[in-house]
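Report on one structure; see the data block that follows.
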Amino acid sequence: MRYDHTEIELRWQEIWDSKNVFQAEVDHTKPKFYCLEMFPYPSGNMHMGHVRNYSIGDAMARFQRMMGKNVLYPMGYDSFGMPAENAAKKEQGHPEDVTARNISSIKSDQRRMGYSYDWGRQFATSDVGYYKWNQSMFLDFHDKGLVERRSAPVNWCVDCDTVLANEQVKNNRCWRCGLEVVQRDMSQWFLRMTEYSDELLESLDEIVFPENVKSMQRNWIGRSIGAEIRFPVENSDEEIACFTTRPDTIFGVTFLTLSPEHKLCPILCGGSDWEHGWIELRDECAKLSEFERINLLKEKKGVFLGRYALNPMNGERIPIYAGNFVVAGYGTGAVMAVPGHDERDFEFAKKYGLEIRTVLQNDSDECEVVEPKSAFTGYGSMIGSSKPGLDGLVGEEAKSAVISLLEREGSGVGTTQYRLRDWLLSRQRFWGTPIPMIHCESCGTVPVPREDLPVTLPLDLTFTEDQGGNPLASHEKFCKVKCPECGNEARRETDTMDTFYDSSWYFMRFCDADNSELPFSRKSVDYWMEGGVDLYIGGIEHAVMHLLYARFFTKATRDMEMNSVGEPFGRLVCQGMLNAPAPYCSSCNAEYHVDFESQPCPSCGDTLGTRSAKMSKSLGNTVSPGEMVEKYGADTVRLFILFGANPEAGMEWSDTAIDSNHRHLVSIIDAFEASLSMKKSEGEIDDWLLAKGRINMDRWIASMENVSLREGVMISHFEMLSDWQWYIRRGGDDRDSALSYMSMWAQMIAPVTPHIAEELWMKIGGHDMLSTKELNPTGAKLNDKTLVAEENYLKSVIDTSRNLLTLAQKHSDSPLQNMVIQTAASWAQELAFEAVSLSRQDFNFHEHGMDHIKSHTLFTSSENKGQVMQMWSTITRGSKKKRGKIQTWSDEEKALVSIPDKEIHILENNRQFIATSLGINQVEVYEAGSGEDVGGKAGFALPLEPGLAFI
RNA sequence: GCAGGGGUACCCGAGCGGUCAAAGGGGCCGGACUUAAGCUCCGGUGGCAAGGCCUUCGUGGGUUCAAAUCCCACCCCCUGCACCA
């Protein structure tokens, strides 16, 4: 068949479309399956990373539909955000137009791939119909006390002209533009996500996320359980509060360290000789950005503040230092230093000659170490405590004993610290959801009344490059408003929401996309989201940001009784990187743009090699999906991308591989064509073909259910073809059997290569469309595995023969033309049968095997007892290097061994085939002992491993 | 430094106690078909060898009758977090 992929693909896409086959409705008679890909930002054309993401999702959506699930598989666009705003400035237009254009472009690329989305549910977050619910839910959060406006030092990106959430700052740089972030004090809107810290952390244990994502989230939430201990300052009313995770080391505190910015520093050393040193340290730290402070300050530095504190447990007088390594923003900004049991404190103490005291017994140290070389940071029994009942306690027990003592004496309290901060929501940008608040001089900050929602973005604006700041702030019509409480002139809030807010609930909106009364009905969300989205696919880059916000949002809306879900994503799959070759200089360890290919290294002049690197615009090693689809068709691209690697693994782009995958599809088409021209001519191999088909289908279903798409494709697109080829080779030519095989096969290739599957299904006379057809797998039949085992036996005899033939030929002057196969002697077969029967009764061959055979008639009546003994041993016990056959035979092989003369029948029936396969003239088969022992090969004959001789 | 994931034949990639010289694909080599193939099919792809043996799964040890697979140490790569108390 001429494979006109474009014609076939467009035709089927139109049919699916016109029949609305992917539309999903709530249906309680079927199990649901919610398949979702991470919300795309519409930036123009679809790239290969998208193709990978959606091909995985579509294959799974189609597969689950086939398995009888009610599948929700929607698509929409996360369309607010800076790039559209910047593009609008460039072209002196409005982000709305840029966005509309980009959406239409990516959508048409997606349609060309044949993804089975329910387009009826499509929306974009910049639609008023969507973002008005952002505002309404913001007011709900506000009512629940989860919204807070407060002045706080925030991360400001000068380039993006806006603040950033903590999660959006990487290495002190803006996640979007990479510019270094500066700190500013501003009044900002926050969502109190920290209310949910514990739940966000603890429910991680129950969801199926990849380990690295869980670990990143745990890390980000950063819960440490410990105690806050207050150290009174000597000769003062001040107290220094320190957070520690190791209250069990309280008796080892030999000094305190404050962060240089700590508010007590000037109070403690002000006017003293020590003040100067502190000011110097403080200024030095202030000069450095946080990034430099982390990376450049390898050396711990500190100054004595001239004062002492008292250990509340034992009253000891301990010096107070300021140290450059103490972070002001974590815990209390002060550390109780235990150099004996903390590496960092140890280093500091060594440097400044402070006392190092051991208060925990290190069990691995036999003798008392006088001068410890390092801190012992593990758990050990408390020693040397001045309070009764503590010595001897270990670990958690010791910690809680110290905490209760502190609490009883009023000098400390058990507490928990988190690294997670509240979600800084406001952005000083135009293209986002306006925060529905009004600032009134007399009433303060007043929420927009619900009946006045939505607060819409003005469209009568032209963006220009030289514009600074947020155009909303200078849009008088937008800003001017009457205060809803007092009716006086007031101003609207001009900050818009972080776009991560938009993507924190879109998956619930998809459940009920047309609802004009509510963001989503509880009923719809509870149906589709029960147990979470069943399969959520996207990139690892959202491990903390989007995935954490969405989890928070789902829990918060649950607590507002908008749903009963709790966790949004049941199973998360993070697709791996897509790599492609890029020029690489091994001496500079640097990758270069593809323009440098086959040129000398631009920095050292060496010859450039190539190395695989993440596909990126900056390296220019990208591949355009559009071009590939045009050249090979969507089905080939999908096949390549899914066969190239399992979803979570990284994968390499390869021009030769995609080409070969295309040829492979053509071979599949050829196979289907061949089946159509077959006659009615049933034979044994037909049973084998259908058995193999059924077994393959079972394996395929298991792989697909597990999202092991690569394994699935291997079976559906590769093994099914090679089994078909074997069938042809074995003389298979029966139309009915072939069509039944093809009908299984067409269904199996449908999730990954849906267009060609529909086409082939139609060609073989299938009814309905595969896209709407349920699979109804029959499952492998009882006898199927045995049929396959018989054929495998034949294959293995041929394989062994082929190897031996080449060897034997080297020892022969004339071409070897004939072969003699001697199957194991009947007594050996009987021994095997005996062993198989015994093994089914869990007979212990090691203990009783020898006694058993010695008293057996096969042995006692044998003329060659040595041979019998040796055979028995080979079958049941094996040698040092090889286990007994009884251990290695599969159940099916054991079944074969148990049928008398089975081997000889298989071989007899296929003498001609064996001869042809080996390229020889004649094959003779008999049981060892019943004919001439040609080449002395009878001795090699074991059950299932006949003796082979060539003459 | 901490945490998570890795290191398998020319390349990609499965396997995760015995059936493993290690699936599958790519590449390469040989054969068949063909006027001819860049198409398709069959076979080969560590070494020696009439079916056996030797050497191999990052490196070095160990457990076991048996290790790519389990344990320990080390080296290297990726990802995230980071003087977090």
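Just so you know, these numbers use all the heavy atoms, side chains as well, and skip hydrogens, waters and symmetry mates. In what follows, chains are A, B, ... by sequence order, proteins preceding strands, each numbered from 1.
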*asked:* Less than 6.0 angstrom from the centroid, inside 45 degrees of the normal: does A:Arg730 satisfy that with respect to the ring of A:Phe913?
replied: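 The answer is yes; both the distance and angle limits are met.
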_I want to check a possible cation-pi pair here: A:Arg357 against A:Phe251, using under 6.0 Å from ring centre and within 45° of the ring axis as the test._
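That pair does not qualify as a cation-pi contact.
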Suppose you measure atom [atom1] in [N] against the same atom in [M]; what distance do you get, rounded to whole Å?
N	M	atom1	value
B:A21	B:G46	P	14 Å
B:G58	B:C11	P	13 Å
B:A68	B:G60	P	13 Å
B:G13	B:C83	P	34 Å
B:C75	B:G24	P	37 Å
B:A22	B:U55	C1'	14 Å
B:A73	B:C29	C1'	43 Å
B:U56	B:G38	P	39 Å

Considering only [options], which nucleotide approaches the side chain of [X] most closely?
X	options	value
A:Val327	B:G24, B:A85, B:A49	B:A85
A:His811	B:A85, B:A50, B:C41	B:A50
A:Asn219	B:G51, B:C42, B:G80	B:G80
A:Arg419	B:C84, B:A50, B:G80	B:C84
A:Leu807	B:A85, B:A50, B:G25	B:A50
A:Val326	B:C83, B:A50, B:A85	B:A85
A:Glu211	B:C83, B:G5, B:G51	B:G5
A:Ser667	B:C41, B:G51, B:G24	B:C41
A:Ser215	B:A3, B:A49, B:G43	B:A3

What's [X] touching, base or sugar-phosphate or nothing? Going by heavy atoms closer than 4.0 Å.
X	result
A:Phe950	base
A:Thr888	base
A:Lys214	nothing
A:Gly947	base
A:Leu948	base
A:Glu893	nothing

Within this structure, what is the [atom1]-to-[atom2] distance between [X] and [N], rounded to whole angstrom?
X	N	atom1	atom2	answer
A:Leu204	B:G80	CG	C1'	15 Å
A:Phe643	B:A23	CZ	P	14 Å
A:Arg877	B:U19	CZ	C1'	20 Å
A:Glu648	B:G4	CD	P	17 Å
A:Asn324	B:C83	CG	P	12 Å
A:Glu347	B:A85	CD	C1'	14 Å
A:Asp723	B:G24	CG	C1'	13 Å
A:Trp889	B:G18	CH2	C1'	16 Å

*Determine, answering yes or no, if A:Phe940 is stacked on B:G51 under the 5.5 Å centre rule and the 30° plane rule.*
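Yes, aromatic ring over the base.
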Do you know the tightest heavy-atom contact between [X] and [Y]?
X	Y	value
A:Gly49	A:Leu578	N-CD2, 4.1 Å
A:Gly576	A:Arg52	O-NH1, 2.9 Å
A:Ala645	A:Met651	CB-CB, 3.5 Å
A:Leu944	A:Glu903	N-OE2, 2.8 Å

*Pick out which of A:Ile920, A:Leu805, A:Ile951 makes a side-chain contact (heavy atoms from CB on, under 4.5 Å) with A:Met819.*
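Option passing the side-chain contact (heavy atoms from CB on, under 4.5 Å) with A:Met819: A:Ile920.
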*For A:Thr800, enumerate each residue passing the side chain to side chain contact (heavy atoms under 4.5 Å, CB included) test, keeping only those at least two apart in sequence or located in another chain.*
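In terms of side chain to side chain contact (heavy atoms under 4.5 Å, CB included), with neighbours along the sequence ignored, A:Thr800 is linked to A:Leu804, A:Leu948.
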*Can you name the side chain to side chain contact (heavy atoms under 4.5 Å, CB included) partners of A:Ile728, sequence neighbours left out?*
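Scan of A:Ile728 (side chain to side chain contact (heavy atoms under 4.5 Å, CB included), adjacent residues dropped) gives A:Met678, A:Trp724.
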*Residues, nucleotides or ligands: over 12 heavy atoms within 6.0 Å of A:Lys631 NZ*: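 No, the 6.0 Å shell around NZ holds no more than 12 heavy atoms from other groups.
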*What is the distance from atom CD1 of A:Ile821 to atom OG of A:Ser801, rounded to the nearest 0.5 Å?*
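Between atom CD1 of A:Ile821 and atom OG of A:Ser801 there are 5.5 Å.
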*Applying salt bridge (Lys or Arg N to Asp or Glu O under 4.0 Å), name anything that partners A:Glu924, two or more places apart in sequence or on another chain.*
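For A:Glu924, no residue satisfies salt bridge (Lys or Arg N to Asp or Glu O under 4.0 Å) once neighbours in sequence are set aside.
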*Any Lys/Arg nitrogen of A:Glu791 or A:Lys692 sitting under 4.0 Å from an Asp/Glu carboxylate oxygen of the other?*
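Not counted as a salt bridge, because no side-chain N and carboxylate O are separated by less than 4.0 Å.
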_5'-to-3' dot-bracket of RNA chain B (Watson-Crick, G-U; under 3.5 angstrom; crossing pairs as [ ]; | other strand)_ = ((((((((.[[[..)..(.....]]]((((((.......))))))(((...)))...[[[[[..)....]]]]])))))))....
*Assess the pair A:Tyr352 and A:Phe255: is the distance between their ring centroids shorter than 6.0 Å?*
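No, ring centres 6.0 Å or more apart.
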*Between A:Tyr321 and A:Phe348, is the gap from one ring center to the other below 6.0 Å?*
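When the ring centroids of A:Tyr321 and A:Phe348 are compared, they turn out to be within the sub-6.0 Å range.
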Short N/O separations, protein against nucleotides 26-33 of chain B, under 3.5 angstrom:
from	atom 1	to	atom 2	distance (Å)
B:G26	OP1	A:Ser660	OG	3.1

Under 3.5 Å, which protein N or O atoms sit close to an N or O of nucleotides 12-15 of chain B? Give each pair with its distance.
from	atom 1	to	atom 2	distance (Å)
B:G13	O2'	A:Arg710	NH2	3.1

*Just to confirm, is there a sub-4.0 Å distance from OP1 or OP2 of B:G18 to any side-chain nitrogen or oxygen of A:Gln887?*
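No, no such contact exists.
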*Please figure out whether A:Arg729 or A:Pro946 has its closest RNA chain B nucleotide nearer the 5' end.*
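Nearest nucleotide further toward 5': that of A:Arg729.
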